[in-house]
Amino acid sequence: MIERIVSAGIKPDLYIVTPFVIVANGLRRLFRDSPLLAHAIPELDRWTRTHIGTIHTVQGREAEAVIFVLGAPNEDQTGTRAWAGKDPNLLNVAVTRAKEAVYVIGNKALWQSAGVFADLNLVMSRY
């Protein structure tokens with residue numbers, strides 16, 4: 001999706017957030033390894049540090065869109081999902097950073113039983 005936005009000549013005004021540091025690091029790596037993004041986004045390394053991170057790193061900032069990557073895709077990661085779902089602040093900060101759109105990426109079947117995420121009534125893509 002990001003590559004299509006950049007291919008269209010649009011500068012991405014978005015944050016990509018997750019509850020987990022390991023997921024944020026992996027997302028930054030994916031972006032830096034993309035040849036298209038490397039040529040299209042000036043100072044890509046800096047952009048990944050300022051626009052991709054944990055929910056805590058974007059507190060107080062806004063963008064047109066937020067992509068909320070849940071992570072913890074394995075069935076046995078119930079404790080990880082429970083940790084993220086016990087604090088309503090995490091979900092609140094993630095979705096209120098967006099001026100226009102929020103995209104949630106995660107396994108709905110696994111996350112719908114994780115605390116406050118049970119109340120998140122959005123269509124989520126499986127990965």
Side-chain angles (χ1 to χ4, degrees):
M1 178 170 76
I2 304 300
E3 288 179 343
R4 281 193 273 166
I5 291 170
V6 170
S7 294
I10 301 168
K11 184 180 179 206
D13 180 22
L14 62 93
Y15 288 114
I16 303 168
V17 298
T18 178
F20 310 110
V21 172
I22 193 167
V23 175
N25 290 339
L27 290 166
R28 285 188 199 105
R29 202 170 22 260
L30 282 173
F31 271 66
R32 287 192 301 257
D33 291 347
S34 167
L36 175 62
L37 296 177
H39 294 292
I41 299 176
E43 301 181 39
L44 180 62
D45 190 55
R46 182 174 131 342
W47 189 91
T48 61
R49 286 192 314 273
T50 58
H51 288 79
I52 300 173
T54 64
I55 295 163
H56 299 95
T57 63
V58 296
Q59 260 183 309
R61 296 190 264 167
E62 288 185 329
E64 289 299 314
V66 169
I67 300 173
F68 188 21
V69 180
L70 296 175
N74 300 328
E75 282 190 47
D76 65 347
Q77 292 177 299
T78 54
T80 303
R81 289 186 297 277
W83 170 83
K86 75 177 178 187
D87 185 0
N89 227 22
L90 289 178
L91 179 58
N92 181 55
V93 170
V95 299
T96 58
R97 301 304 92 207
K99 295 178 192 174
E100 294 291 327
V102 176
Y103 302 93
V104 180
I105 300 173
N107 186 323
K108 184 177 181 178
L110 295 177
W111 279 89
Q112 67 187 359
S113 62
V116 296
F117 291 96
D119 298 327
L120 184 62
N121 192 18
L122 298 173
V123 177
M124 295 188 283
S125 304
R126 289 186 171 233
Y127 67 97

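- Looking at F20 and T80, their side chains come closer than 4.5 Å, going by heavy atoms from C-beta outward.
- Taking CG of L44 as the start and CZ of R49 as the end, the distance is 10.0 Å to the nearest 0.5 Å.
- Side-chain heavy atoms closer than 4.5 Å link hydrophobic residues (I, L, V, M, F, W, Y) into clusters, and following such links, even through other members, never connects V21 to W83.
- Residues Y15 and I52 have side chains not in contact (no heavy-atom distance under 4.5 Å, counting atoms from C-beta outward).
- When all heavy atoms are compared, the tightest approach of L110 to S113 is O-OG, 3.4 Å.
- The side-chain heavy atoms of F68 and I16, taken from C-beta on, include no pair separated by under 4.5 Å.
- Sorted by first and then second residue, the pairs that involve residues 24-39 and meet salt bridge (charged side-chain N to carboxylate O under 4.0 Å, His left out), not counting sequence neighbours, are R32-D45.
- Counting heavy atoms from C-beta outward, V104 and L70 have side chains that approach closer than 4.5 Å.
- Within 6.0 Å of atom CG in L30, more than 12 heavy atoms from other residues, nucleotides or ligands are found, so the atom counts as buried in its surroundings.
- Using modelled atom types, one side-chain atom of N107 and one backbone atom of A109 make a donor-acceptor pair closer than 3.5 Å.
- Taking each heavy atom of A63 and L14 in turn, the nearest pair found is CB-CA, 3.6 Å.
- Taking the side chain as every heavy atom from C-beta outward, V66 and V17 approach each other to under 4.5 Å.
- Among residues two or more places apart in sequence or in another chain, the salt bridge (Lys or Arg N to Asp or Glu O under 4.0 Å) test is passed with R61 by none.
- A donor-acceptor distance shorter than 3.5 angstrom exists from the side chain of T18 to the backbone of V69, with no hydrogens or angles considered.
- Applying the side-chain contact (heavy atoms from CB on, under 4.5 Å) criterion to E62, with sequence neighbours excluded, gives K99.
- In this structure, A114 and A82 approach most closely via the heavy-atom pair CB-N, 4.4 Å.
- Remark: side-chain polar atoms of W111 are paired, donor with acceptor, to backbone N or O of G71 under 3.5 angstrom.
- Using a 4.5 Å heavy-atom threshold, the side chains of Q59 and I55 count as separate.
- R97 places no side-chain N or O within donor-acceptor distance of the main-chain N or O of A65, the cut-off being under 3.5 Å.
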Stepwise side chain to side chain contact (heavy atoms under 4.5 Å, CB included) test for L90 and H56: CA-CA 8 Å; L90 289 178; H56 299 95; 3.6 Å; yes
